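Side chains are part of it too, since the values below use all heavy atoms of this structure and drop only hydrogens, waters and symmetry mates. Whatever order the structure lists ligands and atoms in, that order sets their numbers, starting from 1. No experiment lies behind these values; they were computed from the predicted model shown.
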Amino acid sequence: MTSPLTTALAQLASAVEILGYSPGLHEMLATPRREMHVAVPLRRDSGEIVLHRGYRVQHNISRGPGKGGLRYAASVDIDEVRALAMWMTWKCAVVDVPYGGAKGGVTIDPRQYSQAELERVTRRYTSEIMPIIGPERDIMAPDIGTDEQTMAWVMDTYSVNLGYTIPGVTTGKPLPVGGSLGRATATGRGVVHAAAAALADDGVDLAEVRAAVQGFGKVGSHAAHWLHEAGTRVVAVTDVDGGTRNDDGLDVPALLAHVATGASVSSFEGGTPVSNDEIFALDVDLLIPAAVEGVIDADTATGIKARWVVEGANGPTTPEGDRVLADRGIVVVPDILANAGGVVVSYFEWVQANQAYWWTSEEIAERLAQRMHAAYGAVAETARDQSLSLRDAALAIGVRRVAEAHQIRGLYP
Ligand code: GLU
């Protein structure tokens with residue numbers, strides 16, 4: 001399998017070629033500015049001590065503080081975190097929020113641990129990386145395996161150590177401690193804005209299409225909700241345990257209620273089983289990968305029947321998969337644009353927390369829509385003008401904004 005870092009570096013190389021940058025600048029852009037590796041020992045509820053590894057990578061901070069999620073998964077490694085941090089850099093630049101890119105990870109499968117254990121791991125990890133995080137340095141958010149509660153623990157640990165409450169150190173927090181309205185649903189909502197914009201370019205409305213969503217977590221479940229609201233027929237969804245399909249359209253509200261009980265989508269009674277492999281080859285118009293990296297390789301891409309692939313996940317398509325999709329004329333709305341709604345509302349949350357002044361959900365929804373459509377418009381225009389794929393256009397815009405900030409600031413000393 002092509003690793004996430006291989007994919008991220010190949011994408012950067014393609015952008016650098018389009019932009020005509022020197023090998024020295026290319027190497028700077030490819031290399032994380034700063035990274036911290038920490039040991040995260042945990043006392044289990046049984047008294048046993050187990051050791052996890054933790055990482056925080058700040059890929060680039062030329063445009064502002066590092067920004068990016070914290071991932072808990074047994075398979076996390078430093079190269080994956082480096083790739084995810086690099087994607088955050090381009091993502092923040094594409095939607096023009098004043099951040100660099102960062103990412104964190106801990107080698108832990110949260111499903112195997114109690115809440116008390118997860119709290120201890122989170123607090124220990126946070127205290128280990130304290131020197132490099134903060135509302136002006138590096139701001140965390142949820143990612144795979146972490147949630148609002150994790151962000152509250154990070155914020156509390158950081159604040160208690162400094163002696164006062166600093167809500168701006170994390171985003172994606174619970175509302176009572178400085179979270180923002182609309183943050184929890186923002187990534188999925190942004191994915192649907194991106195899909196709507198891409199379809200509109202071909203004169204198609206979301207209400208006319210059939211969609212499949214791979215992944216039903218913080219991104220996929222909300223994407224399915226907003227697609228359903230827009231009148232799209234959602235015909236299949238999967239999560240880690242399997243999936244469900246109904247060619248007449250799944251009853252998305254009933255499915256969301258089913259999942260809210262803690263059940264997998266695969267045990268939903270309103271559909272028939274579908275696997276995580278099969279979902280890619282279904283006869284749908286719109287496919288939304290919203291789980292993990294590397295799922296669309298050359299093989300998977302060959303079987304895709306959708307006309308549009310809108311990437312809710314980070315890095316779901318390998319460079320080989322991308323080439324096959326391009327050859328087959330399938331439109332790909334790339335991750336750094338399509339899933340940027342999360343970090344856009346993270347930015348809104350940080351602005352609100354720093355000003356201690358809160359916006360209404362209508363203001364947030366409107367500003368998110370405006371930013372997603374503006375970013376899509378700029379990317380689509382570059383793609384048209386320079387005959388590029390949407391991915392190359394988005395990367396070229398993101399990489400250029402970062403390089404420009406770096407060049408204006410100058411190389412020190
Ligand atoms: N983890 C999310 C992402 O990959 C959100 C990052 C953020 O809001 O900082 O985009």
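Classification of Glu128 and Arg53 as a salt-bridged pair fails, no side-chain N sitting under 4.0 Å from a carboxylate O.
For Tyr376, there are no ring-ring contact (aromatic ring centres under 6.0 Å, His included) partners two or more places apart in sequence or in a different chain. For the salt bridge (charged side-chain N to carboxylate O under 4.0 Å, His left out) test, residues two or more places apart in sequence or in another chain that qualify with Glu35 are Arg82. His52 pairs by the ring-ring contact (aromatic ring centres under 6.0 Å, His included) definition with Tyr113, not counting sequence neighbours.
Once rounded to the nearest 0.5 Å, the distance linking CG of Leu287 with CZ of Arg307 reads 14.5 Å.
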Pairs under 3.5 angstrom, nitrogen or oxygen on both sides, ligand 1 versus protein: list them out, please.
from, atom 1, to, atom 2, distance (Å)
ligand 1, 1 (N), Pro142, O, 3.0
ligand 1, 1 (N), Asp143, OD1, 2.9
ligand 1, 4 (O), Lys91, NZ, 3.2
ligand 1, 4 (O), Lys103, NZ, 3.0
ligand 1, 4 (O), Asn314, ND2, 2.9
ligand 1, 8 (O), Arg183, NH2, 3.1
ligand 1, 8 (O), Ser346, OG, 2.6
ligand 1, 9 (O), Lys67, NZ, 2.7
ligand 1, 10 (O), Lys91, NZ, 2.6

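Checked by atom type, the side-chain pair Ser267/Ser264 shows no donor-acceptor distance below 3.5 Å.
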